[in-house]
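Below: the structure, in structure tokens.
Whatever order the structure lists them in is the order used to number ligands and atoms, beginning at 1.
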Amino acid sequence: MPTTRTQRRELRELADSVRGPVLGPGDGGYDEARRVWNGAVDRRPAAIARCTGTADVVAAVSFARREGLLTAVRGGGHNVAGNAVCDDGLVVDLSLMRGVRVDPEQRTARAQGGTTWGEFDRETQLFSLATTGGIVSTTGIAGLTLGGGIGWLGRSYGTTCDNLLSADVVTADGETVRASRDDNPDLFWGLRGGGGNFGVVTSFEYRLHEVGPMVLAGAVFHPLSRARDVLEFFREITETAPEQLSLVVSFPAAPTAPFLPPEVHGTRVAALGVCHCGSVEDAEAAVSPLRAFGPPLADVIQPTPYTAVQTMFDARFPHGRHNYWKSSYLRELTDEAIDVLVDHVARTPSAETTSYVWHLGGAYTRPPENTAFGHRDVLFDFAALAGWLEPDRADEHIGWTRDFWSAMRPHATSGVYVNNLGAEGDDRARAAYQPEIYNRLARLKRKYDPDNFFRLNQNIRPPA
Ligand SMILES: Cc1cc2nc3c(=O)[nH]c(=O)nc-3n(C[C@H](O)[C@H](O)[C@H](O)COP(=O)(O)OP(=O)(O)OC[C@H]3O[C@@H](n4cnc5c(N)ncnc54)[C@H](O)[C@@H]3O)c2cc1C
């Protein structure tokens, strides 16, 4: 904390070298700026440098380096682990850097490192273009892209990082470098899946695809008593689903919505969420088995603006709630895994808590180039997502999540999607990668960040 006169002088020095505001404890806006999506994370940095451009990032990184400060980098601030903030150290905060420029002719977009998916989609959809992005609009493009990126368009167009064309990076020694297929290709490989280990990315350039403005999307809802049938149906339909069709089965508390019978409001349901990014005729044919199965409690699959699809889950994942997640990949959805899902979903501890199985495959398995994204030979991503409002209910929620995850373990692979990890330690970060990818990432870390300056992330330690 900047309590001594020397520390206060140093902070003034930082403030002089950064164009954006530098906030310390007691400053207006400090509490707002230190808050992240996960309300269970409550850290008090010594200073938050709210950067307005690459020069500010260089100044902040150089200052932290010189002063030996623990340094966190904040993009969208959404990560469940809360690595975007730290106690006592410096936060290099990119959340004022949200510019997006679309080149509709080249079908590319460049976006600054603090941009959220809602902001990105708004600009690209002006031209009916999009790239694979997160399914909650307030998630940052930065953390999501650097860890891989799974979303409604992924089965057609691959992970978000498969669509990354270049990145501007500030390295641990305060240098600015560009990473692309032709510039620093080793770094470019590592940025596509290796997380925030190699530097601060101040801007990302993406390949875009023709999507929308309308797509067929929504969900069908079934009573929880049919959870097993729904999971078996999900397994069957994902075997033949066209690549333009993305499916997720989840077990939320039913929203208080007019399309659902009032007696199910607030009760747990089995929902099949869907988005088809192709033509309406193809989409109707692809979703017809979903409409026929059941009958469902409600069928709200309809032509929807793509930007609305990208906010469909926002209300389910509000800022500030306490959260604890655990996740694994599955290679198949076995009968035994379905038993575990049915059992644990029935004991979900609160309305704010949910769980899902997300269908992968398709273009996720065919990257246009070799990247550091960890596991492509899997078919499903499973996650138990506990959320709660009362801080004293943490144990109950964390206990349910851990039990659920442990029971799924024998039916899952040992791998995990790096962006779903909480603060689970080095072994779990390692599990996010195939061993050869992990070892290559570690060598890259030694080259670009040998002192492990960027360590508030799913950390890849530089080998001695
Ligand atoms: C509600 C919710 C929905 C989600 N939905 C999806 C989804 O649909 N698909 C999906 O793939 N993932 C999803 N995720 C996971 C998401 O990808 C990660 O939480 C991701 O880290 C969020 O990025 P961020 O920039 O918002 O995070 P932050 O918390 O800001 O950062 C996460 C990590 O990335 C580092 N970092 C952030 N910005 C930069 C930067 N500019 N340069 C270098 N390092 C940086 C941080 O230091 C930190 O280690 C979701 C998460 C939540 C909470």
Side-chain angles (χ1 to χ4, degrees), residues 35-41 43 51 54 57 61 71-86 91-95 97-98 111-118 120 132-154 159-161 167-172 179 190-191 193-204 246 248 273 275 309-321 323-325 327 354 356 358 360 364 373 381 383 385 387 417-423 429 448-449 453-460:
R35 226 168 268 143
V36 288
W37 173 80
N38 187 354
V41 175
R43 302 201 181 122
C51 300
T54 301
V57 174
V61 165
T71 301
V73 181
R74 180 189 182 117
H78 238 243
N79 194 264
V80 73
N83 284 326
V85 281
C86 56
V91 175
V92 180
D93 177 2
L94 274 71
S95 62
M97 294 171 58
R98 294 170 177 231
Q112 286 183 300
T115 307
T116 63
W117 282 105
F120 184 86
T132 306
I135 63 162
V136 171
S137 71
T138 52
T139 308
I141 63 164
L144 184 137
T145 304
L146 295 169
I150 292 172
W152 292 120
L153 306 182
T159 63
T160 311
C161 73
D168 293 332
V169 186
V170 175
T171 62
L191 291 177
N197 272 285
F198 305 104
V200 185
V201 179
T202 53
S203 85
F204 296 82
S246 270
V248 59
C275 174
V309 178
Q310 289 289 86
T311 59
M312 194 159 80
F313 288 129
D314 283 12
R316 222 188 264 179
F317 297 100
H319 271 254
R321 212 167 60 185
N323 293 276
Y324 182 84
W325 292 6
S327 165
T354 187
Y356 71 73
W358 183 280
L360 301 169
Y364 288 111
F373 183 64
D381 181 40
L385 313 175
Y417 175 34
V418 72
N419 277 347
N420 285 351
L421 283 171
Y448 284 95
D449 184 15
F453 174 75
F454 296 111
R455 58 181 178 278
L456 291 175
N457 42 41
Q458 297 302 333
N459 197 223
I460 294 163

How close do G75 and S95 get, counting heavy atoms only, and between which atoms? O-CB, 4.1 Å
Would a distance-only check, ignoring hydrogens and angles, find a side-chain to backbone donor-acceptor pair under 3.5 Å from Y324 to V80? no
Within-cut-off N or O pair, F204 and ligand 1, under 3.5 Å: no
Distance flag for atom 33 (C) of ligand 1, protein heavy atom under 4.0 Å: no
Of all the non-hydrogen atoms in the protein, which one sits nearest to atom 29 (O) of ligand 1, and at what distance? N79 N, 3.0 Å
Strictly by modelled atom types, are N459 and N197 linked by a side-chain donor-acceptor pair under 3.5 Å? yes
Find all atoms of ligand 1 within a distance of less than 4.0 Å from any non-hydrogen atom belonging to A142, and give their numbers and elements. 38 (N), 39 (C), 40 (C), 41 (N)
Before signing off on this row, confirm whether F317 and ligand 1 have an N or O atom pair separated by under 3.5 Å. no
Identity and separation of the nearest protein heavy atom to atom 11 (O) of ligand 1: Y417 OH, 2.5 Å
Nearest non-hydrogen protein atom to atom 51 (C) of ligand 1, with distance, is W325 CH2, 3.5 Å
If we only consider heavy atoms of A72, is any one of them less than 4.0 Å away from an atom in ligand 1? no
Just how far is it from atom CG of N83 to atom CD of Q458, taken to the nearest 0.5 Å? 6.0 Å
I'd like to check which ligand 1 atoms, numbered from 1 as shown, lie under 4.0 Å from a non-hydrogen atom of L94. 41 (N)
Distance-only, no hydrogens or angles: does the R316 side chain make a donor-acceptor pair with backbone N or O of T354 under 3.5 Å? no
Can you confirm whether Y448 sits close enough to V169 that some side-chain heavy atom of one is under 4.5 Å from a side-chain heavy atom of the other? no
Is the closest side-chain heavy-atom distance between W117 and V136 below 4.5 Å? no
Taking atom types as modelled, is there a side-chain donor on S203 or D168 under 3.5 Å from an acceptor on the other? yes
Atoms of ligand 1 close to G199 [distance to a heavy atom under 4.0 angstrom, numbered from 1]: 42 (N), 43 (C)
Protein contact of atom 27 (O) of ligand 1 - nearest heavy atom, named by residue and atom, plus distance: H78 N, 3.5 Å
G196 heavy atoms within 4.0 Å reach ligand 1 at atoms 44 (N)
Measuring from H78:NE2 to N323:CG, what's the distance to the nearest 0.5 Å? 9.5 Å
Which one of T145, T116, V201 has a non-hydrogen atom at the shortest distance from atom 42 (N) of ligand 1? V201
Which ligand 1 atoms, with their elements, are less than 4.0 angstrom from a heavy-atom of V200? 42 (N), 43 (C)
Just jot down the ligand 1 atoms closer than 4.0 angstrom to any heavy atom of G77, in number order. 24 (P), 26 (O), 27 (O), 28 (P), 29 (O), 30 (O)
Are any side-chain N or O atoms of W37 and backbone N or O atoms of T139, one a donor and one an acceptor, separated by less than 3.5 Å? no
Please confirm whether V136 comes within less than 3.5 Å of ligand 1 when only nitrogen or oxygen atoms on both sides are compared. no
Judging by distance only, is a nitrogen or oxygen of G140 under 3.5 angstrom from one on ligand 1? yes
Is the side chain of S327 donor-acceptor paired with the backbone N or O of A383 at a distance under 3.5 Å, no angle test? no
Does any N or O of ligand 1 fall below 3.5 Å from an N or O anywhere on G75, backbone included? yes
Show me which atoms of ligand 1 lie under 4.0 Å from any heavy atom of N457. 49 (O)
Any heavy-atom pair between the side chains of M97 and T202 that's under 4.5 Å? yes
Should V73 and L456 count as side-chain neighbours, where that means a heavy-atom distance under 4.5 Å? no
Side-chain touch F198/D449, heavy atoms, less than 4.5 angstrom: no
contact_flag G149 ligand 1 heavy-atom lt 4.0 Å: yes
Relative to atom 24 (P) of ligand 1, which among P318, G76, G195 owns the nearest non-hydrogen atom? G76
Quick test: of every protein heavy atom, which one is nearest to atom 8 (O) of ligand 1, and how far off is it to 0.1 Å? I135 N, 2.9 Å
May I ask you to identify, for F454, whether its side chain, its backbone, both or neither come under 4.0 Å of ligand 1 on a heavy-atom basis? neither
Backbone, side chain, both or neither: what part of L456 comes under 4.0 angstrom of ligand 1, heavy atoms only? backbone
In the structure I gave you, are the side-chain heavy atoms of T71 and V61 within less than 4.5 Å of one another anywhere? no
Who's the nearest protein heavy-atom neighbour of atom 6 (C) of ligand 1, and how far? L144 CD1, 4.0 Å
Answer yes or no: does an N/O atom from R74 fall short of 3.5 Å to an N/O atom of ligand 1? no
N or O pair under 3.5 Å between N83 and ligand 1: no
Does any N or O of ligand 1 fall below 3.5 Å from an N or O anywhere on L146, backbone included? no
Top protein contact for atom 9 (N) of ligand 1, by heavy-atom distance: I150 O, 2.6 Å
Protein heavy atom at shortest distance from atom 36 (N) of ligand 1: V73 O, 4.0 Å
Quick check: does any side chain N or O of T160 sit under 3.5 Å from a backbone N or O of T132, one acting as donor and the other as acceptor? yes
Going by the angle between their ring planes, with limits at 30° and 60°, are F313 and W152 parallel, tilted or perpendicular? parallel
